Amino acid sequence: MVTIRLTNSKTRRKEDFRPIEPSNVRMYVCGPTVYDRAHLGNARPVVVFDTLYRLLRHVYGQGHVTYVRNFTDVDDKINAEALRRQKAGSPGTLEDLIHQRTEETIAWYHADMDALGALRPSHEPRATEYIGQMIAMTQGLIDTGHAYAVEGHVLFRVRSYSDYGKLSGRSVDDMIAGARVEVAPFKEDPMDFVLWKPSSGEEPGWESPWGKGRPGWHIECSAMAHELLGESFDIHGGGLDLQFPHHENEIAQSVGACGGEFVRTWMHNGFLNIDDTKMSKSLGNFFTIADVLKKFDGESVRLFMLRTHYRSPFNFSDTLLEEARSALKRLYTALDAAGPVPDLAAIDWAEPRAAAFKAAMDDDFNTPGALAVLFDLVGDVNRGQTADAALLKALAGTLGLLQAQPKAYLQGGSSVDENFVQSRIDARTAAKQARNFAAADGIRAELAALGIELKDRPQGTTWVRA
RNA sequence: GGCGGGUUGGCGGAGAGGUUACGCACCGGAUUGCAAAUCCGUGAAGACCGGUUCGAUUCCGGUACCCGCCUCCA
């Protein structure tokens, strides 16, 4: 079995990936806080780690990979929206409205990610379903001296964990020096972070040994990962911005509670930028996935993201997205021209192009390199080696691409009636046979204006959406 | 201020110490009634300054510029 190499944020190096249990490779990725529509930046880790999930399933077997991605459904912004609705006269208790908001947001999220061709993870835990585990873990940290309760809060004692800061490469003292936040007076140390905090009257809360309150953000992931994947697991992923403080805190909590090694390989995807600047809610320069999907099909968006290595930042723009769509069109056009493509029972990884594809993927899942192999295959297919189309489709499938019917993809998204198009094509064919090229060209121009592109082939005229 | 990443052809974007990345676009040719698609072909790069080397875009050092994290954020 070929060894996959992955860049481990913890060691800042590319390492051979060796799962703790090859029969159950375990991966956790930080999911969204479900307070609103997901933006394009949210899509990047989903596509990146979906691709890794697919790769792991290929290497270790479909049933041997457990992938957990959570939903954070405890959050001020969710509460704020629920409260706004209540004040606007929506029926139901605040709790009902909170539930309503998270449910609708999760449904949007699923729809968006499905459109991007992302498989559903094995588990999608919601923070509110694991409050008991969070309380237990917090109590455990108090018992072992890693945390302390004060004024209804429970705080993690950062100085109690000597490796704090190791993942993000900073020392506690440096962090304090650079800190720009006001420090709550009850903290022993400015860097101590919240495990549990009290909730006031109308906020949702749970009974705990420290009074009615709710969990801090970081403990949620630790508790859910622990419950579903165990004390230590193979891969933990997320956006680069989560490395500090979120992932640093997760390590401190989990190691504090369980000891040992929490996560073997930490992986962080780079950002998606707008005009070379980070896209974020706070900067206000974001697009929702739903916005983008109005103009572009999800598969083009997926290809667009896979064109860049997952750790590199990349820019988003319509021009770049159009470029990705053109590239995807080339792939589907080759598949379409090759005729019916049989589903390959199994990929022969010894085949040179399959081997090249796999070599790229095994090397820190270099998707741009793997895509290059796909385009080489396109050339072969277009040159007449139509049998290669099956390999092309199979390899692309491991990236979650090219699984639609070519004709459906190439003609999809057109609002023009298919029968109408065919009737105009027939009329044009008749005109051509009569050598009335002016009329034929007129029809072609008429369809072009509707976004229909004609192709005259020996077997007859076909069409695609422009 | 501390820490980290980056600078590749017109644009996007990889790998590799010496041989075509790949995609989009452009140009020439084939094909076509003309196009489109496709094929063949051409052109085009490695921020700057040093060093190592027979040879560096690839390794090392420095300079410049850009970006990110240090604060809720994928």
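Proteins get letters first, then strands, A, B, ... in listed order; numbering begins at 1 in each. The shown structure was predicted, so the numbers you read here are calculated from the model rather than taken from an experiment.
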Can a side chain N or O of [X] be found less than 4.0 Å away from OP1 or OP2 on [N]?
X      : N      : answer
A:R353 : B:rC22 : no
A:R12  : B:rC3  : no
A:R330 : B:rU38 : yes
A:N382 : B:rC39 : yes

If I pick the [atom1] atom on [M] and the same atom on [N], what distance separates them, to the nearest angstrom?
N      : M      : atom1 : result
B:rC66 : B:rA47 : C1'   : 11 Å
B:rU71 : B:rG61 : P     : 30 Å
B:rC59 : B:rG17 : C1'   : 8 Å
B:rC22 : B:rA44 : C1'   : 15 Å
B:rG18 : B:rA25 : C1'   : 31 Å
B:rU19 : B:rG46 : P     : 15 Å
B:rA45 : B:rG9  : C1'   : 4 Å
B:rU58 : B:rU52 : P     : 15 Å

To the nearest Å, give me how far apart [atom1] ([X]) and [atom2] ([N]) are.
X      : N      : atom1 : atom2 : value
A:L242 : B:rA74 : CG    : P     : 6 Å
A:F244 : B:rC72 : CZ    : C1'   : 13 Å
A:E322 : B:rG23 : CD    : C1'   : 15 Å
A:K455 : B:rC34 : NZ    : P     : 19 Å
A:N8   : B:rG5  : CG    : C1'   : 17 Å
A:Q433 : B:rG33 : CD    : C1'   : 13 Å
A:R325 : B:rC24 : CZ    : P     : 14 Å
A:D112 : B:rA74 : CG    : P     : 14 Å

Classify the side chain of A:R444 and the base of B:rA35 as holding, or not holding, a donor-acceptor pair under 3.5 Å.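 Looking at the base of B:rA35, it does pair with a donor or acceptor on the side chain of A:R444 (distance under 3.5 Å).
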Under 3.5 Å donor-acceptor pair, A:N273 side-chain atoms to B:rC66 base atoms: no
Is [X] touching bases, backbone alone, or none of the nucleic acid, heavy atoms closer than 4.0 Å?
X      : value
A:G238 : sugar-phosphate
A:F437 : base
A:L374 : nothing

Counterpart base for B:rA64, defined by Watson-Crick or G-U wobble contacts under 3.5 Å: B:rU7
G-U wobble or Watson-Crick pairing nucleotide for B:rC72 (cut-off 3.5 Å, both distances):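 B:rC72 is paired with nothing.
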Could you check whether A:R465 makes a cation-pi contact with A:Y409, meaning its NZ or CZ is under 6.0 Å from the centre of the six-membered ring and within 45° of the ring axis? yes
Compare the minimum distances between each of [options] and the side chain of [X], then state the nucleotide with the smallest one.
X      : options                : result
A:T333 : B:rG2, B:rA37, B:rC22  : B:rA37
A:M191 : B:rC39, B:rA37, B:rU71 : B:rU71
A:A327 : B:rA21, B:rG23, B:rG33 : B:rG23
A:P245 : B:rA21, B:rC72, B:rA74 : B:rC72

Counting neighbours of CZ on A:R12 that are heavy atoms of other residues, nucleotides or ligands and sit closer than 6.0 Å, is the number greater than 12? yes
Around atom CD of A:E104, are there more than 12 heavy atoms from other residues, nucleotides or ligands closer than 6.0 Å?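 Check passes, neighbour count above 12.
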Polar pairs (N or O, both sides) under 3.5 Å between protein and nucleotides 11-14 of chain B?
unit_1: B:rG12; atom_1: O2'; unit_2: A:R307; atom_2: NH2; d: 3.2
unit_1: B:rA14; atom_1: OP1; unit_2: A:H309; atom_2: N; d: 3.0
unit_1: B:rA14; atom_1: OP1; unit_2: A:S312; atom_2: OG; d: 3.4
unit_1: B:rA14; atom_1: O2'; unit_2: A:N366; atom_2: ND2; d: 3.2

Which class fits the ring pair [X] and [Y]: parallel under 30°, tilted 30 to 60°, perpendicular over 60°?
X      : Y      : answer
A:H58  : A:W349 : perpendicular
A:F316 : A:F287 : tilted
A:H110 : A:F71  : perpendicular
A:H218 : A:H246 : tilted
A:F233 : A:F262 : perpendicular

Considering the options A:L374, A:V373, A:D376, which one meets the side chain to side chain contact (heavy atoms under 4.5 Å, CB included) requirement together with A:R353? A:V373
5'-most by nearest nucleotide on RNA chain B - A:G239 or A:G169: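 Its nearest nucleotide lies further toward 5', so the answer is A:G169.
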On RNA chain B, nearest-nucleotide positions of A:D441 versus A:H218: which is more 5'?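 Residue closer to the 5' terminus by nearest nucleotide: A:D441.
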State whether A:R311 and A:D364 are salt-bridged, where the test is any N-O pair (Lys NZ or Arg NE/NH1/NH2 against Asp/Glu carboxylate O) under 4.0 Å. yes
Pairing of A:R159 and A:D189 as salt bridge, 4.0 angstrom limit: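 A salt bridge is present here (some side-chain N lies under 4.0 Å from a carboxylate O).
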Are A:H226 and A:Y130 close enough that their ring centers fall under 6.0 Å?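 No, too far apart.
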Which residues, if any, of residues 425-432 of chain A bring a heavy atom under 4.0 Å of RNA chain B? A:R428, A:K432
